[in-house]
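So the structure is just underneath, and the comments pick up after that.
We name chains A, B, ... by the order of the sequence lines, and we start the count at 1 in each one.
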Number of protein chains: 2
Amino acid sequence: MGNGLKNETAKDLSREGSSTSAVEIAYHHIRHLILTGEMRSGDKLLENQLATAIGVSRTPIREALNRLNAEGLVVLERYRRGIVADFSLDDAVEIFRLRAILEGHAAGRAATRISDADFARLQELERVMEAQFEELGWNEHLEGFDKLNAEFHAVIAAAAESPRLEKILASSLELPAAIFNRYSEPVEVRTRRTHAQHREILAALKARNPEWAQAAMNAHLFSLLPTASGSLEHEEKS
Amino acid sequence: MGNGLKNETAKDLSREGSSTSAVEIAYHHIRHLILTGEMRSGDKLLENQLATAIGVSRTPIREALNRLNAEGLVVLERYRRGIVADFSLDDAVEIFRLRAILEGHAAGRAATRISDADFARLQELERVMEAQFEELGWNEHLEGFDKLNAEFHAVIAAAAESPRLEKILASSLELPAAIFNRYSEPVEVRTRRTHAQHREILAALKARNPEWAQAAMNAHLFSLLPTASGSLEHEEKS
DNA sequence: CTTGCGAAAAGTGTATACCAGTTTGATGAA
DNA sequence: TTCATCAAACTGGTATACACTTTTCGCAAG
């Protein structure tokens with residue numbers, strides 16, 4: 001490469017004025033690749049390749065990979081190239097167990113703290129999720145659902161007013177959607193139940209009943225948790 | 001600093017074969033400064049200054065600061081120099097609430113999983129803590145206590161066999177000892193009670209009773225939690 | 001064909017230099 | 001004193017170089 005020619009990069013940024021840092025760009029880009037399944041478990045993450053693909057230098061790429069490594073989505077070992085993390089059934093079970101504990105706690109706190117605006121937002125999110133399901137059917141609604149569902153849970157986590165709790169839920173207990181779908185029950189089984197559970201959580205929040213909210217959230221998450229008995233099953237390589 | 005002389009560094013590393021990376025060195029060094037109170041809330045963290053002090057270049061320093069920022073011990077804002085994080089009473093309360101939830105869960109799991117070797121280690125740790133207290137008295141024993149106590153809790157967390165849980169406890173819910181001592185009850189009040197609680201946790205683990213272990217750990221941590229009544233806090237912008 | 005070995009190639013870890021953007025601190029005017 | 005201004009200081013990011021390790025590949029031996 002020649003000398004200081006970041007003109008085109010600077011152009012992109014200066015147009016926005018947004019000043020999103022290069023690290024943020026790289027982080028969200030790579031994270032998106034993983035969470036959407038565009039990159040699968042075991043895929044190689046080469047710093048130079050990512051740098052040219054994303055349009056930033058190696059430095060912010062390395063920072064982004066380190067963050068993703070800390071969050072468990074990427075596996076880094078010294079001098080080895082990074083790979084997309086693999087999630088075993090045990091990993092999925094662990095994540096859902098911890099999410100149940102922490103999100104249950106969050107829901108309980110949210111019950112006495114959530115604002116009217118946030119509660120309305122939750123109702124709206126659930127309304128849209130159910131509408132899209134009715135309109136699009138079992139499988140086609142899934143793409144939109146994941147995003148809406150993530151916001152549903154995120155709003156409750158935020159309403160708990162416990163910043164560390166919120167951060168842990170957002171960054172340390174994520175499971176790529178593709179992995180979740182691999183291990184969870186089929187959509188036909190869980191979708192209607194999920195909506196009923198969401199409605200119950202809303203009812204508990206509206207009643208400002210912490211114990212109910214916590215229990216309802218717990219039930220919701222434990223119902224999604226792959227059966228522990230399934231851990232006796234054979235390990236199969238795809 | 002001078003020119004590229006990493007010869008002595010390489011010498012140290014090659015001797016060990018362990019080859020601790022520069023990032024690890026910087027991370028543990030800075031973390032130690034904060035947790036021990038050698039650097040206090042609000043102190044400035046200048047990359048160049050740290051680099052020369054620790055003997056590595058800016059690059060690993062920046063990585064270390066980013067990790068510490070993610071863990072909440074350091075506050076980084078764009079183009080601003082980093083500062084050591086400040087922990088309000090509310091922060092301390094939040095941390096202990098979350099620790100109680102998660103370490104309680106960990107103790108419950110550990111009850112049915114802990115190895116004989118790990119249990120023996122716990123007994124030994126508690127024995128030493130009590131011996132040092134008897135020998136050194138209220139205040140002098142504190143220095144050694146913090147380290148032993150940290151290992152006591154870490155052994156239980158590891159015995160829970162939940163890697164994400166262990167990582168969260170080790171990296172997202174730390175409170176500098178100085179801050180803890182600022183907000184907690186005076187040593188004279190809590191030390192004997194702490195030892196009694198540790199013994200009860202050991203008894204519950206020995207009995208392999210998960211509910212007891214969880215409850216005992218919960219009681220232990222909630223007893224250290226600063227009185228929630230102190231939540232008549234002042235929101236202040238510095 | 002398979003296995004094993006060794007060397008080249010690829011890739012990460014760190015140092016260093018440099019510059020742009022921003023904050024910080026000091027100086028000076030009102 | 002208070003405020004504005006400007007230079008210095010500092011971080012964010014790029015680029016480059018090189019040491020050290022892993023990975024790959026070809027080649028020889030079985």
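For Arg62(B) and dT11(D), the CZ to C1' distance is 6 Å, given to the nearest whole Å. The separation between Leu65(B) atom CG and dG12(D) atom C1' is 13 Å, rounded to whole Å. Look at CD on Glu63(B): it is 13 Å from P on dG12(D), rounded to the nearest Å. Regarding Arg58(A), its CZ atom lies at a distance of 6 Å from the P atom of dT12(C), rounded to whole Å. Across the protein-nucleic acid pair, Ile83(A) atom CD1 and dG11(C) atom P stand 15 Å apart, rounded to whole Å. The separation between Ile54(B) atom CD1 and dT14(C) atom P is 13 Å, rounded to whole Å. Separating the CD atom of Glu24(A) from the C1' atom of dG13(D) is a distance of 14 Å, rounded to the nearest angstrom. The distance between atom CG of Leu76(B) and atom P of dG12(D), rounded to the nearest whole Å, is 7 Å.
Distances shorter than 4.0 Å separate some side-chain N or O of Arg78(B) from OP1 or OP2 on dG13(D).
Applying the side chain to side chain contact (heavy atoms under 4.5 Å, CB included) rule to Asp146(A) yields the partners Ala177(A); only residues at least two apart in sequence or on another chain are considered.
To the nearest 0.5 angstrom, Ile168(A) atom CD1 is 10.0 Å from Leu98(A) atom CG.
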Do any N or O atoms of the protein come closer than 3.5 Å to N or O atoms of nucleotides 8-10 of chain D, and which pairs are they?
none

### Worked check of salt bridge (Lys or Arg N to Asp or Glu O under 4.0 Å) between Arg58(B) and Glu47(B)
CA-CA 6 Å; Arg58(B) 261 182 79 197; Glu47(B) 295 178 358; 3.0 Å; yes
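Around the CD atom of Glu124(A), the shell of radius 6.0 Å holds more than 12 heavy atoms that belong to other residues, nucleotides or ligands.
For the residue pair Glu94(A) and Ser162(B), a side-chain donor N or O sits within less than 3.5 Å of a side-chain acceptor on the partner. Residues Glu126(B) and His198(B) have side chains that bring a donor and an acceptor to within less than 3.5 angstrom of each other.
For Phe96(B) and Phe180(B), the ring centers are positioned less than 6.0 Å apart.
Distance from the side chain of Val23(A) is smallest to dG13(D) among dT14(C), dT14(D), dG13(D).
If you check every strand for non-hydrogen atoms under 4.0 Å, Thr59(B) touches a base.
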